[in-house]
Undergrad: 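Please read through the structure below; I'll follow up with questions.
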Amino acid sequence: MLRLENIHKSYPMGNQSLHVLKGIDFGVESGELVSIMGASGSGKSTLLNILGILDNQDEGSYILDGTQIDMISETAAAELRNRHIGFIFQSFNLLAFKNAAENVALPLYYQGVRRRKRNAIAVKYLEMVGLADRAEHMPSEMSGGERQRVAIARALIADPSIILADEPTGALDSLTSNEVMQILKDLNDNGKTILIVTHEAEIAEQTKRIIYMRDGKIVEDKSGTGHV
Amino acid sequence: MFSLDQWQEILQAIQANKIRTFATAFGVFWGILMLILLLGAGQGLQNGVKQNMMLDAINSIWIIPARTSMAYQGMPAGREHPLMEEDLESVEENVAGIDLMSPENELSGEFDVRYGNRAVSFPVFGADSEYFGIKVSQETVNGRSINRLDDEQRRKVAIIGEQAASVIFDEGVDPVGEYVQIKDVNFRIVGVFSFESSAMDQAQRIYIPFSTFQSVFNTSRDVTLFAVTTAEGMSGQQLEGDIVKFLKQRQTIHPDDNSAYWVHNQEEQHRSVNNLFLAIKIFIWIVGLGTLTAGIVGVSNVMIIIVRERTREIGVRKALGATPASVVGMILQESVFITTVAGYTGLVLGVLLLEGINTALVALGADLQFFNRPEIDLRVALSALGVLVVAGSLAGFVPALKAARVKPAEALRAE
Ligand SMILES: Nc1ncnc2c1ncn2[C@@H]1O[C@H](COP(=O)(O)OP(=O)(O)O)[C@@H](O)[C@H]1O
Ligand SMILES: [Mg+2]
């Protein structure tokens with residue numbers, strides 16, 4: 001369902017440039033649960049941003065759900081992010097002045113769904129992540145684990161074809177990490193395609209396929225490991 | 001684009017950021033408030049000056065004979081040369097460009113105006129019916145003014161100033177139709193007039209037809225002064241020159257004698273007063289536009305800060321599907337909304353303050369020589385508000401566009 005070929009990305013650093021991705025090739029099929037493993041600074045987030053069309057590559061080709069993602073307009077990119085991609089971030093990225101349900105409903109706002117309707121849908125998704133009673137709570141009133149579950153509900157609400165998660169457990173203790181991972185695994189069992197970026201081996205080991213990155217390159221692509 | 005849903009989004013953002021909203025709003029509020037107060041004060045000044053200087057028709061010229069200052073054709077300097085009725089008739093016949101014309105004489109000597117057993121001393125004047133078209137600040141509030149038939153038939157009628165009427169007649173008595181005695185002659189009151197300026201007590205005057213005045217009180221038939229207005233297309237300066245030249249010839253006065261007549265040309269005064277008004281207006285607009293500009297700069301600064309503060313939020317929204325247009329719309333709408341509400345509040349408060357000052361001035365009976373009825377042209381106020389709203393949206397537009405262009409990945413890295 002997505003395919004990367006020879007992806008390169010550099011960041012300008014003063015009058016030099018930092019070559020972060022040095023020719024990335026891989027594909028993800030529908031229904032996969034993949035992790036991208038690598039040390040901090042190896043370019044995982046950069047790769048995920050390109051996959052999420054949050055940034056563009058300097059070179060190479062990226063096809064998502066049959067759409068060639070170069071030279072598409074920012075408006076078309078917004079539409080793709082809205083309907084095809086769900087994001088989960090390490091720092092949750094909830095809007096502080098919106099309650100849980102309103103945060104979850106935000107992608108539907110950008111689809112023009114009426115407030116009442118989208119908030120009702122949001123409550124259903126909060127139920128799915130076990131937060132039915134927290135719908136009216138503000139992010140500041142919730143624990144890290146709860147916030148991340150709100151973020152998961154938000155990533156799911158538009159029924160995207162792929163979930164991209166950047167260090168989803170990076171800010172959580174091991175107990176809540178496991179809860180969050182369990183939710184993601186359950187989602188995958190129900191057919192959702194999920195791609196997780198992490199530097200923690202324990203997290204990566206819970207996925208069906210691990211892509212190892214080092215210094216901007218894929219060094220190993222290991223399938224069929226220990227998904228329990 | 002401006003759906004109810006979007007309004008709710010914006011109101012929520014505004015509520016979440018009361019301080020920055022207040023900061024933006026206050027600059028705009030203050031700018032408009034100051035502009036309104038300044039414009040109001042300027043208008044008050046203008047009204048005050050007008051009240052004191054604009055008692056007569058703009059195009060009127062008043063002429064009073066004075067002593068000569070130059071010897072001429074065997075006659076010494078310092079000679080008096082009273083005007084006679086014939087002189088005025090001759091002016092009217094021979095000088096072109098006169099519209100209205102009237103003599104004015106004041107009754108001299110010790111006398112009282114009597115009504116019943118009441119006797120009060122008031123100035124009594126004789127004037128033609130046209131006089132009241134020249135003295136525009138005088139207004140009939142009851143009955144009528146002196147008319148042409150009164151002139152022609154030398155009727156023994158009088159009009160009386162409000163103030164005089166209130167002294168002579170008890171409350172509840174309608175002066176119109178009553179008879180007063182002036183130097184033992186009965187005059188029927190036909191009208192009561194008010195006088196616009198409180199700075200002069202002309203509302204104490206009593207006027208009778210000039211023809212009656214001359215035949216009853218002034219058999220020497222001389223005229224103290226007269227007034228004319230210029231006909232359409234005639235300049236005041238020109239007419240003044242023509243009349244004086246004609247009179248000098250007729251009264252055998254040296255053509256270069258500039259003291260022989262005392263002339264008051266309202267048009268000239270009007271011009272200088274107008275220049276003063278113009279100067280006041282320019283000053284007010286400069287200060288006002290300065291304040292407005294400060295408000296706009298304030299708005300744009302705060303908008304830049306807002307966009308910077310919200311960079312991460314904008315990144316999140318983009319990741320969730322916000323298009324560049326929706327980002328621009330969101331920031332712009334917020335900016336316009338705050339500017340409009342704040343500006344409108346400033347406008348309403350400014351108008352209320354002006355009204356308050358006005359009411360206070362009236363209530364205190366304050367009679368400021370050069371300040372009266374501060375007020376604001378609502379159209380000017382609304383256009384100022386419009387300018388501010390447009391400027392506010394432009395001020396929001398640049399940072400909004402910038403925010404819309406930032407890559408989501410970059411925005412998400414903020415702070
Ligand atoms: N926007 C950016 N500008 C400059 N350098 C960046 C930017 N984003 C990431 N980098 C650098 O690129 C390298 C890879 O970063 P990243 O993709 O975040 O790695 P990871 O997620 O694997 O830790 C790091 O050295 C980081 O400092
Ligand atoms: Mg990272």
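Because only heavy atoms are used, hydrogens play no part in the values below, and waters and symmetry mates are left out as well, while side chains stay in. Just so you know, these numbers come straight off a predicted model, no measurement behind them. Reminder, nothing fancy here: chain letters follow the sequence lines and each chain counts from 1.
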Undergrad: With a 4.5 angstrom heavy-atom cut-off, which part of A/Arg118 approaches chain B: side chain, backbone, both or neither?
TA: side chain
Undergrad: Locate the shortest heavy-atom distance separating B/Ala322 from A/Ala78; write the atom from each residue and the value.
TA: O-CB, 3.5 Å
Undergrad: So, for A/Asn49 and B/Ala409, which heavy atoms are closest and what is the spacing to 0.1 Å?
TA: ND2-CB, 3.6 Å
Undergrad: Answer yes or no: are there more than 12 heavy-atom neighbours, outside B/Lys402 itself, under 6.0 Å from its atom NZ?
TA: no
Undergrad: Grab the two heavy atoms, one from A/Glu74 and one from B/Pro324, that are nearest each other, plus how far apart they are.
TA: CG-CG, 3.3 Å
Undergrad: Report which part of A/Arg83 has an atom under 4.5 Å of a heavy atom belonging to chain B: side chain, backbone, both, or neither.
TA: neither
Undergrad: Are more than 12 heavy atoms, taken from residues, nucleotides or ligands other than B/Phe397, located less than 6.0 Å from that residue's CZ atom?
TA: no
Undergrad: Could you state the interatomic distance from CG (B/Leu320) to CG (A/Leu95), rounded to the nearest 0.5 Å?
TA: 7.5 Å
Undergrad: Quick one: closest heavy-atom pair of A/Tyr110 and B/Gly321, and the distance?
TA: CB-O, 3.7 Å
Undergrad: Looking only at heavy atoms, which two atoms of B/Gln12 and A/Phe97 are closest? And how far apart?
TA: NE2-O, 3.6 Å
Undergrad: Give a yes or no on this: more than 12 heavy atoms of other residues, nucleotides or ligands lie within 6.0 Å of atom CD of A/Glu136.
TA: no
Undergrad: Name the option with the most non-hydrogen atom pairs under 4.5 Å to chain B; the candidates are A/Ile50, A/Leu48, A/Leu94, A/Asn82.
TA: A/Asn82
Undergrad: Non-hydrogen atoms of chain B under 4.5 Å away: do they reach the side chain of A/Asn93, the backbone, both or neither?
TA: both
Undergrad: If we count only N and O atoms by modelled type, under 3.5 Å, do the side chains of B/Arg413 and A/Ser45 hold a donor and an acceptor together?
TA: no
Undergrad: For B/Phe283, look at atom CZ and say whether over 12 heavy atoms of other residues, nucleotides or ligands are found less than 6.0 Å away.
TA: no
Undergrad: For the residue pair B/Ala319 and A/Arg81, what are the closest heavy atoms and their distance?
TA: O-CB, 3.6 Å
Undergrad: With only heavy atoms counted, which part of B/Arg312 is less than 4.5 Å from chain A, the side chain, the backbone, both or neither?
TA: side chain
Undergrad: Within the 4.5 Å heavy-atom criterion, are A/Asp55 and B/Glu410 side-chain neighbours or not?
TA: no
Undergrad: Can you tell me how far CD1 of A/Ile53 sits from NZ of B/Lys318, rounded to the nearest 0.5 angstrom?
TA: 13.5 Å
Undergrad: Would you mind checking which part of A/Glu102 comes under 4.5 Å of any heavy atom in chain B, side chain (CB onward), backbone (N, CA, C, O), both or neither?
TA: side chain
Undergrad: Counting only heavy atoms not in B/Lys407 (residues, nucleotides, ligands), do more than 12 fall under 6.0 Å from its NZ?
TA: yes
Undergrad: In this structure, are over 12 heavy atoms from other groups packed under 6.0 Å from A/Arg3 atom CZ?
TA: yes
Undergrad: Do other residues, nucleotides or ligands put more than 12 heavy atoms under 6.0 Å from the CD atom of A/Gln68?
TA: yes
